[in-house]
Visitor: 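Below is the structure I would like to discuss, written out as structure tokens.
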There are 2 protein chains.
Amino acid sequence: MPLNARVFVALTRGKKKKGVWDVRRSGSTIKEVAQKAGVSPMTVSRVLNNQDVVRETTKRRVFDAIRELNYRPSIMARSLANGRSLCVGLLYTNPSHGYLSELLLGTLSACRERQHLLVVDKPDEDLLRRDPQYVEQTFLRSSIQALVVAPPLSEDAEFMAKIAAAEIRYIALGPVHWGNGLSVCIDEIAAAEDMTSHLLELGHRDIGLIRGPAAHAASALRFEGYKRAIEKAGIPVDERLIADGNFDYHSGREAARRLLSGDKKPTAIFATNDDMACGAIGFAYEQGLRIPRDLSVVGFDDSPSAAANWPPLTTIRQPVREMAEIAVGLLDADIMTIAPDQRQRVVPHTLVKRESTRPLLD
Amino acid sequence: MPLNARVFVALTRGKKKKGVWDVRRSGSTIKEVAQKAGVSPMTVSRVLNNQDVVRETTKRRVFDAIRELNYRPSIMARSLANGRSLCVGLLYTNPSHGYLSELLLGTLSACRERQHLLVVDKPDEDLLRRDPQYVEQTFLRSSIQALVVAPPLSEDAEFMAKIAAAEIRYIALGPVHWGNGLSVCIDEIAAAEDMTSHLLELGHRDIGLIRGPAAHAASALRFEGYKRAIEKAGIPVDERLIADGNFDYHSGREAARRLLSGDKKPTAIFATNDDMACGAIGFAYEQGLRIPRDLSVVGFDDSPSAAANWPPLTTIRQPVREMAEIAVGLLDADIMTIAPDQRQRVVPHTLVKRESTRPLLD
DNA sequence: TTGTACGCGTTATCAA
DNA sequence: TTGATAACGCGTACAA
């Protein structure tokens, strides 16, 4: 028998007391626990997995050994052996910080529940655009078996096409549906319609809209919702009340500048995301306007800035955490058994009323 | 030979075409690749690991097979085999969203570089407080070998004591040092001193301070920095200019209310985090004050709200991403070889000047 | 330059 | 109720 690694490790272990801070291999194995408890590794495994066949006294012995050795099972070995747990990749580029935070919470808890491994990744956007092989390379090297893709990455047609071609199971978050893939989203049109109706109910009739960038699927849908509500109220859609932004603070400021310096001045502004709403409010302050006394402003997304701003923003909340949980759950299912019309999962949104709006006084 | 799982899988595979959307086992193995390429699994492994001993033609055959079979190596099996990669846990409770986002980026890239597995976890705060066994249980079940703990959790003495007792290697982020553990932080005192000096240079002499909660180690340090700068300028520290908050928006509002309605009115307010600074600005607006014309306000942390607010906040930036990278790197080192005075790693901070301050006009 | 044998830490299967 | 054995997919040591 050659002097192989095993022997070497055994020797090392014998000589040098194994401390917490040893660089590698700080854990004990199931075998060591078994030996200490005077049982077979299999019994230890049974105890760990709550199989109730094990005798109480044996169980106790095993638990004692586990505690003494400070034993922790290895997920790697475990998943390798039972082949049950998936290695799930969570892909995002630049969602808002609040979105990311909730997204993590949701995927995390869903993965833990199913004993899946969550591997978070933020692909480099430049490489994504420039290197056509990047995606392929990345997924060839990694061992990710399933993907959850967050917006705005999930709205990138080119990227999603590559994902589909890479023959990987995936779920997209956001108002999109690509090929055979599943997606989870809110009804963007209905949400925007709700928000617009809310402003109408407060008596506003000249409602400005700050649109999102064309690259985001959500932009067109939110615009559509706005139009529907306006038209249902019997008001013609006025081009002078519509400005374009690209979902960031600065563009919201500029859009508000255009809207408020035109010849048709809105009494309320619906910014189709919170950052733009904050920008609009910033511009309004600069002009000496008071919010909501002189102008009502609403946002969309319920990002952290929505609640932290002054005044706190009325906005639309997506249940991001729940959506993420659903997405991970869907990964388990055999997609072929899901009817095509069930592949886009729509979850309810909420209109969060805060202090950035008030009834129009006439 | 028993009809074991292997045989069963083989049969299944033979019959049913293996599709992308099969619930489990969507990947091919190194053996299958080897067979298709007409080489041994070992050769495939060599190709994958860029060992240049392999003949070019063989390499090409292997790559073709990999592509055809859409093969992806399994990290689990790989780390199990070479024992090199650590399973790193990232623990956080409720840092700001921006902090979390940067934290993730840093740990992610550092882990990928080292082929470590990053497992993110957000422990339940209630369980943490109430169930004394929670931490133990959680780490007993999981196979995390090393921990990166983010503030404010890293400042929880009770929790950190448990971590230490659990005999797990860990790095704390933030201005703390527990037992043998390592930590990475900025010099909070110097940072607060820099910020206060900045206000002094602008001509302010009555500088209000909104302190953080006593539970956070950072609170006392930032206060100390403030005092040092004030005293260096030959100004006595005035109790009437100091108010307490607890790092959230609302407490910042209330603190500003106290400061601005006292008999000693500040011309500048140093809120020791951004959320409180935003709250202070909100209150100032409500009182009809203009920022920075009538009052300068500065924050600390450079959270997203700092840039998104109006006016954009002058604040202190911690290089969170780099700190996280350093932390993961430190996990690799043998801690015992690190001198005790090197165990607390201090990284430089930055004073970010934006538009919430201006020289005092007299 | 390539292949063989074995071990990594765990679970599934079957036998005792 | 427990144990022996063979996988899981890959890398290392050594032989060819």
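So that the names make sense, note that chain A is the first sequence line, chain B the second, and so on, each numbered from 1.
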Visitor: Could you state the NZ-C1' distance from B:Lys31 to D:dG11, rounded to the nearest angstrom?
Guide: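 Whole-Å distance recorded here is 14 Å.
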
Visitor: Between atom CG in B:Leu80 and atom P in C:dT11, what is the gap in whole Å?
Guide: 12 Å

Visitor: From CG of B:Asn49 over to P of D:dC10, roughly how many Å is that when rounded to an integer?
Guide: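 Roughly 11 Å, once rounded to whole Å.
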
Visitor: May I have the distance from B:Ile30 (atom CD1) to C:dA5 (atom C1'), rounded to whole angstrom?
Guide: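 After rounding, the gap between these two atoms is 15 Å.
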
Visitor: Can you work out whether B:Met42 or A:Ser74 has the more 5'-proximal nearest nucleotide on DNA chain C?
Guide: B:Met42

Visitor: Is there a side-chain contact between A:Arg78 and A:Asn49, using heavy atoms and a 4.5 Å cut-off?
Guide: yes

Visitor: Just to verify, what does B:Thr58 make a side chain to side chain contact (heavy atoms under 4.5 Å, CB included) with, not counting sequence neighbours?
Guide: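 Once residues adjacent in sequence are excluded, the partners of B:Thr58 under the side chain to side chain contact (heavy atoms under 4.5 Å, CB included) criterion are B:Val39, B:Thr43, B:Val54, B:Arg55, B:Arg61.
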
Visitor: Separation of A:Arg60 atom CZ from D:dT2 atom P, in whole Å?
Guide: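 Answer to the nearest Å: 13 Å.
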
Visitor: Mind calculating the distance between CZ (B:Arg78) and C1' (C:dG9) to the nearest angstrom?
Guide: 18 Å

Visitor: For A:Pro41 and A:Val53, take the nucleotide of DNA chain D holding the closest heavy atom to each; which residue's nucleotide lies nearer the 5' end?
Guide: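 Between the two, 5'-proximity favours A:Val53.
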
Visitor: When you look at NZ of B:Lys59, are more than 12 heavy atoms from neighbouring residues, nucleotides or ligands closer to it than 6.0 Å?
Guide: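 Yes, because the 6.0 Å sphere around NZ of B:Lys59 holds more than 12 heavy atoms from other groups.
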
Visitor: Please compare B:Ser45 and A:Thr43 by the position of their nearest nucleotide in DNA chain D and report the one closer to 5'.
Guide: A:Thr43

Visitor: To the nearest angstrom, how far is A:Arg46 atom CZ from D:dA4 atom C1'?
Guide: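 The distance from CZ of A:Arg46 to C1' of D:dA4 comes to 11 Å, rounded to the nearest Å.
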
Visitor: B:Ala81 or B:Val54: which one's nearest nucleotide on DNA chain C is closer to the 5' end?
Guide: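 Final value for this comparison: B:Val54.
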
Visitor: Is a side-chain N or O of B:Thr107 found less than 3.5 angstrom from the main chain of B:Leu103, in a donor-acceptor match?
Guide: yes

Visitor: When the distance from CD of B:Glu56 to P of C:dT2 is rounded to whole Å, what number comes out?
Guide: 10 Å

Visitor: Would you mind telling me which of C:dT10, D:dT2, D:dG3 lies closest to the side-chain atoms of A:Ser40?
Guide: D:dG3

Visitor: Who are the side chain to side chain contact (heavy atoms under 4.5 Å, CB included) partners of A:Glu322, not counting sequence neighbours?
Guide: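 Applying side chain to side chain contact (heavy atoms under 4.5 Å, CB included) to A:Glu322 gives A:Arg317, A:Pro319.
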
Visitor: If you look at every strand shown and take non-hydrogen atoms under 4.0 Å, does A:Thr58 touch a base, only sugar-phosphate, or nothing?
Guide: sugar-phosphate

